[in-house]
Amino acid sequence: MSIFDRLIGKIDKIVFICTLVVLFASFYSVYSLKGLYSQKETLQSLDNALFLTRNLLEAEQQHALSLSLLLAQDKSFLEAFFKNDRKKAFDIIHQKIASLQKLQGYDFEVQVHDKNLHTYLRSWDYSVKDIPLAAFRKGLVLVKKNQKPLVSIEVGKRLNIKAISPIMKNGLFEGSIEVIESFRHLRKTLAEHGYALFIFLDKKYLPIATTLQQHPLVFNRFVLVNDSYDKHSLESLQSSHLKNLQDYGYFTQNGYAFAYFSIKNFVNQNLGYCVVLFQNATPLMLKTNDEVTPQKVNSSGVIIQ
């Protein structure tokens with residue numbers, strides 16, 4: 001074999017090796033770009049889920065507030081209330097609830113308090129009255145003090161959205177009316193968008209939230225507030241990620257992607273978390289982010305948390 005033939009052979013080998021390197025690099029680049037695109041797509045979906053859930057939750061609070069204000073100014077109810085006709089007031093409240101539920105599709109309950117912050121009536125139990133509430137219902141105390149409406153997420157026997165409006169007469173505080181909404185409508189709306197929602201309450205509140213004492217515990221740190229849930233989705237949350245949750249963040253686990261944010265009451269105490277999730281997510285590891293959301297007061301003086 002001549003020198004020329006040997007040179008041609010070496011060149012062919014070099015070209016072959018270079019071709020392999022280029023092909024490998026190309027395949028690797030395509031694979032990496034595909035992975036990056038999938039992670040970016042998952043991250044965008046998580047951003048959308050977080051944004052949507054927060055906005056819907058605020059809309060739920062505004063809805064409860066609107067109902068509370070509406071009932072607090074209802075002439076027929078006020079007439080019965082000021083005459084201390086509990087039965088008539090109870091019947092009027094039930095009529096209003098039935099009418100609003102038919103029109104809007106929301107499930108809610110109503111509690112009325114007297115000027116001493118005792119239970120006047122409850123829409124779900126007429127027999128209950130005269131229970132002092134000031135010791136553990138700080139929202140009621142604040143409404144009486146400021147004589148302004150308040151909407152927040154509060155711990156009582158359950159964890160609910162609570163909107164309280166003062167009942168005034170001749171400039172004096174005579175009581176308050178409270179609209180109580182669960183998170184059922186929020187979960188239903190998110191499900192229509194392809195997301196599942198879990199509401200977690202810190203288990204330290206269980207002595208107050210007595211109706212949740214038989215609900216499942218998650219990682220022995222939170223109690224599940226949901227009255228219904230997908231068992232497989234819940235099991236996927238049994239993760240070390242739940243040890244170090246911040247104010248909001250993302251993580252993936254067991255084929256699910258999760259976005260979460262903290263639930264705070266009107267004095268900015270952390271009560272628990274909203275966790276929204278969806279399936280078939282590209283695995284990714286993300287650091288959680290700190291975000292402090294200050295209490296907001298709108299132009300009419302209504303406190304929104």
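Everything numeric in this text was worked out from a predicted model, so none of it was measured.
- A heavy-atom distance below 4.5 Å is not found between the side chains of R86 and F81.
- Residues E154 and I164 meet the side-chain proximity criterion, which asks for heavy atoms closer than 4.5 Å.
- No side-chain heavy atom of V110 sits less than 4.5 Å from a side-chain heavy atom of I180.
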Step by step, work out the side chain to side chain contact (heavy atoms under 4.5 Å, CB included) result for K96 and S76.
-> CA-CA 10 Å; K96 300 295 181 183; S76 58; 4.2 Å; yes

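- Atom-to-atom distance recorded for L57:CG and Q62:CD is 11.0 Å, nearest 0.5 angstrom.
- Among all heavy-atom pairs drawn from V179 and A64, the shortest one is CB-O, 3.8 Å.
- The distance from the OG atom of S123 to the CD atom of Q111 is 8.5 Å, given to the nearest 0.5 Å.
- Counting only residues at least two apart or on different chains, the ring-ring contact (aromatic ring centres under 6.0 Å, His included) pairs with a member in residues 122-159 are F90-Y126.
- A salt bridge links E79 with K83: the distance from a Lys NZ or Arg NE/NH1/NH2 to an Asp or Glu carboxylate oxygen falls below 4.0 Å.
- The backbone N or O of K157 lies less than 3.5 Å from no partner atom in the side chain of T210, so there is not a single donor-acceptor pair.
- Formation of a donor-acceptor pair under 3.5 Å by the S99 side chain with backbone atoms of Q95 is not found in this model.
- Atoms NE2 and CD1, from H63 and I161 in turn, are 10.5 Å apart once rounded to the nearest 0.5 Å.
- For the atom pair CD1 (I263) and CD1 (I153), the distance works out to 5.0 Å, reported to the nearest 0.5 Å.
- Just one of L121, L69, L78, I93 meets the side-chain contact (heavy atoms from CB on, under 4.5 Å) condition when paired with I177; it is I93.
- The cluster map of Ile, Leu, Val, Met, Phe, Trp and Tyr, joined by side-chain heavy atoms under 4.5 Å apart, puts F51 and V275 in different clusters.
- Side-chain rings of Y260 and Y250 stay apart, their centers remaining 6.0 Å or farther from each other.
- Under the 3.5 Å distance criterion, the side-chain polar atoms of S152 are left unmatched by any main-chain donor or acceptor of F266.
- Taking the centre and axis of the six-membered ring of Y120, the NZ or CZ atom of K129 falls outside the cone set by 45° and 6.0 Å.
- Between R137 and E178, at least one side-chain N (NZ, or NE/NH1/NH2) sits under 4.0 Å from a carboxylate O, which counts as a salt bridge.
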Can you check side chain to side chain contact (heavy atoms under 4.5 Å, CB included) on V225 and R158, steps first, answer last?
-> CA-CA 8 Å; V225 176; R158 295 164 289 176; over 6 Å; no

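- Note that CD1 of I92 is 13.5 Å distant from NZ of K75, once rounded to the nearest 0.5 Å.
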H113 vs L140, side chain to side chain contact (heavy atoms under 4.5 Å, CB included): CA-CA, chis, key distance, verdict | CA-CA 9 Å; H113 325 100; L140 296 179; 3.3 Å; yes

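- Within 6.0 Å of NZ in K144 there are more than 12 heavy atoms belonging to other residues, nucleotides or ligands.
- Side-chain contact check for E181 versus L67: some heavy-atom pair is nearer than 4.5 Å.
- Here the closest non-hydrogen pair linking V151 and Q61 is CG2-O, 3.3 Å.
- Side-chain contact between V112 and I167: present, with at least one pair of heavy atoms (C-beta onward) separated by less than 4.5 Å.
- The pair K264-D247 counts as a salt bridge, with a side-chain nitrogen and a carboxylate oxygen less than 4.0 angstrom apart.
- With hydrogens and angles disregarded, a donor-acceptor distance shorter than 3.5 Å links the side chain of D125 to the backbone of S127.
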Could you please spell out the steps behind the side chain to side chain contact (heavy atoms under 4.5 Å, CB included) verdict for R122 and E109?
-> CA-CA 8 Å; R122 290 174 173 172; E109 296 170 336; over 6 Å; no

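- Using modelled atom types, one side-chain atom of H215 and one backbone atom of L224 make a donor-acceptor pair closer than 3.5 Å.
- The closest donor-acceptor contact from the side chain of S182 to the backbone of R184 lies under 3.5 Å.
- Minimum heavy-atom separation, D130 to P132: O-CD, 3.5 Å.
- Although no hydrogens or angles enter the test, the distance criterion places no donor-acceptor pair under 3.5 Å between the side chain of N146 and the main chain of K148.
- Side chain of S68 to main chain of S165: a donor-acceptor pair is present (N/O by atom type, distance under 3.5 Å, no hydrogens or angles).
- Within the structure, ring-ring contact (aromatic ring centres under 6.0 Å, His included) pairs that include any residue of residues 139-182 do not occur (at least two apart or interchain).
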Contacts table for residues 195-207: side-chain donor-acceptor under 3.5 angstrom, sequence neighbours left out:
residue	atom	partner	partner atom	Å
D202	OD1	K204	N	3.0
K203	NZ	N220	O	3.0
K203	NZ	N220	OD1	3.2
Y205	OH	N270	O	3.4

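- Residues L65 and P149 meet the side-chain proximity criterion, which asks for heavy atoms closer than 4.5 Å.
- The closest side-chain heavy-atom distance from E174 to L172 is below 4.5 Å.
- The 12-atom threshold is exceeded at CD of E192, counting heavy atoms of other residues, nucleotides or ligands nearer than 6.0 Å.
- The ring pair (Phe, Tyr, Trp, His ring centres under 6.0 Å) with Y273 is formed by just one residue from the set Y248, F258, F222; it is F222.
- Rounding to the nearest 0.5 Å places SG of C274 at 6.5 Å from CG of L186.
- At least one side-chain heavy atom of N226 sits less than 4.5 Å from a side-chain heavy atom of R187.
- The backbone N or O of K162 sits nowhere less than 3.5 Å from a side-chain atom of N160 that would complete a donor-acceptor pair.
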